[in-house]
Visitor: 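One structure, as structure tokens, below. Some questions next.
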Amino acid sequence: NLLLVKTLEGEIAVGQVSAVSLSLTRPDSPQDILLGRLGTRQDDLQSSLYEGLVDGFGQYTRSSWPEKAKSLQQLKSFATLEQAQLKGWLATRPATDRFGGLLDGPTFEASGFFQASKLDGRWYLVTPEGHAFFSLGVNAVSAAHSKTYVEGREAMFTSLPAEADPLAVFYGSADNRSDNGANRGRAFDHGRWYDFYNANRQRLHGSAELPAWRQLSLDRLQAWGFNTLGNWSDPGFAGNQRVPYTMPLSIRGDFASIQTGQDWWGGMPDPFDPRFAMAAERAIAIASRDLRDDPWLIGYFADNELSWAAPGTDAHARYALAYATLRLTTDVPAKRAFLKQLRDKYRNQNGISKAWGIDLQAWELMEDPGFEAPLPDPEHPQIEKDLQDFLRLYADTYFKTIAEALKWHAPNQLLLGGRFALVTPEAVASCAQYCDVLSFNFYTRSPQSGYDWSLLRQLDKPVLVSEFHFGSRDRGPFWGGVSEVYREEDRGPAYANFLVESLKEPQIVGVHWFQYIDQPVSGRLLDGENGHLGLIGITDLPFSGFVEGVRKANLALSAKWLQAAGTDKPTAVQGGN
């Protein structure tokens, strides 16, 4: 194997290379590295290594696996076998209420909509008919996320269709250039793209129309034991009346934002800016316009993976949002809100100088751009207290704005939290106050490794794992995901273990897998991710071994859930929230 350099500053003089260092980032087990011949070469290796890397189906050409299609005839035979399997599995589905609630589990007062309720120390989602519901979901059940840029690297692909080819309809163009952390340093982030996934659907079925695809996707989810369409799924599933679903609230507008140093998807929205409240109102009104009376809609997520903190464990990372705010100018509403909070507490520069252990000659100096607040200091505990108070005020303003707008426009559906990734205790506590459910994206082997559960138990709110996955690198795409296992055969057991560990936390009311389809081997448009994370591949066929393991774990869950709750039969009836 050849290991290519991913980033390079300046130029390498081959004759001057005297040493090479290899390292692994945070290995979770002892590692052995076997090295063969090590040396330097002057010739261009990159072109030959990347040439013809992706075949006409969008598959990696350098290796094989059981589900890899070598011909259209083989692809169609695989699809025929899957249809027979789905028919059998659907015929033997366990009995539930029409929303997927347990008929032999705890019962609650039926409200006509999904709710969250607590019984005998355990939290539950409750179906509109009043039955306990553990949300087993899949994210990004969508045929729109599989495009990949081909312009400027056409040699990577062995068989892109010519303009006169009927499959040329799956070309398009886009521009994903941005300064977000997810896009920095990308070489291919705009131009012409190709959609191998929908081209393969056209090959297989003679059509890439969405109604038939939605029908097949719903069949798969139900046959595999899932009961929820997770975030980022096709909006056309709304009203399907077969599988409950969730919806995102993506709040966009010309309001101020704050850069914390993470900014993976962009700066933090400034909730003190009146334009944020207007944008939230507009986004929620549009998202709920035709759905507010749909009992199949579980609820809405508030944005996604906002940068409440920066990467790292030090104070700069923990309080990145507060420090970044104080560096700004006073035309930023969040800075004015922070200064007002401090001035209301300390009155003048003498008060804050004493509390923070600094010599602030004039209050106006804090208003200057670039003001650098001191780091937390045990001798001056008010520094950390003030940073925490601002982070709580920030989060309260954000979540209260969204909660009040959603209560007005969609009073029947749940607010499912902020899909936390990098987060602070203040943001979580605020979310618990204003949202019906806390949601976290946990890319860990178990939910317990994703956050401090002692804090969550104190808050006593239902928790939804809104993203998790386990990927490997032996099915084509080069990336094994955020939570990687060694090989494909390890994905199913890892999934099953995550479900079992979830039942140990009485607050967890569901877990959602990310995602439905593998990412393109040459990277998705959004940020270039190319992970083997899917239940199905780019050819629209399931990874059979993994899917069978997932189905087995899903179908076994209800009995284990009742056992974890300490009951095999309904024990009480309790009203919802």
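All residue numbers refer to positions in the sequence shown, counting from 1.
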Visitor: Classify the side-chain pair Glu529/Trp479 by whether it contains a donor and acceptor separated by less than 3.5 Å.
Guide: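 No, because no side-chain N or O of Glu529 sits under 3.5 Å from a partner of the opposite role on Trp479.
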Visitor: Tell me, yes or no, whether the heavy-atom count around Lys87 atom NZ, taken from other residues, nucleotides or ligands under 6.0 Å, exceeds 12.
Guide: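 No - once you tally the heavy atoms of other residues, nucleotides and ligands closer than 6.0 Å, there are 12 at most.
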Visitor: Looking only at heavy atoms, which two atoms of Pro520 and Asn530 are closest? And how far apart?
Guide: O-CB, 3.0 Å
Visitor: I need the Leu229 CG to Trp296 CH2 distance, nearest 0.5 Å.
Guide: 10.5 Å
Visitor: Please check if any side-chain donor atom of Ser142 sits under 3.5 Å from a side-chain acceptor atom of Asp234, or the reverse.
Guide: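 Result is no, nothing qualifies.
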Visitor: When the ring planes of Tyr495 and Phe546 are compared, do they come out parallel, tilted or perpendicular, using 30° and 60° as the limits?
Guide: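 Ring orientation, 0 to 90° scale: perpendicular.
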Visitor: Going from OH on Tyr197 to OG1 on Thr148, what distance comes out if it is rounded to the nearest 0.5 angstrom?
Guide: 16.0 Å
Visitor: Can you find a pair of side-chain heavy atoms, one from Val437 and one from Leu416, that are under 4.5 Å apart?
Guide: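 They are in contact (side-chain heavy atoms under 4.5 Å apart), so the answer is yes.
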Visitor: Please indicate whether Asp175 has more than 12 foreign heavy atoms, meaning atoms of other residues, nucleotides or ligands, lying under 6.0 Å from its CG.
Guide: yes
Visitor: For Arg551 and Asn554, which I'm curious about, is there any donor-acceptor pair between the side chains at under 3.5 Å?
Guide: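 No, no side-chain donor-acceptor pair sits under 3.5 Å.
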Visitor: Flag yes if more than 12 heavy atoms outside Glu209 fall under 6.0 Å of its CD atom; otherwise flag no.
Guide: no
Visitor: What do you reckon, are the aromatic ring centroids of His469 and Tyr443 less than 6.0 Å apart?
Guide: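 Ring centroids of His469 and Tyr443 are less than 6.0 Å from each other.
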Visitor: Could you tell me if Arg153 sits above the aromatic ring of Tyr50, with its cationic atom closer than 6.0 Å to the ring centre and no more than 45 degrees from the axis?
Guide: no
Visitor: Heavy-atom count check: over 12 atoms from other residues, nucleotides or ligands less than 6.0 Å from Gln73 CD?
Guide: no
Visitor: Would you indicate whether Phe478, at its atom CZ, is surrounded by more than 12 heavy atoms from other residues, nucleotides or ligands within a distance under 6.0 Å?
Guide: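 Yes - once you tally the heavy atoms of other residues, nucleotides and ligands closer than 6.0 Å, there are more than 12.
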Visitor: Report yes or no: do Tyr516 and Ser217 form a side-chain donor-acceptor pair below 3.5 Å?
Guide: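 On atom types as modelled, these side chains qualify, holding a pair under 3.5 Å.
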Visitor: Measure the acute angle between the ring planes of Phe133 and Phe114, then classify it against the limits of 30° and 60° as parallel, tilted or perpendicular.
Guide: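 Plane angle over 60°, so perpendicular.
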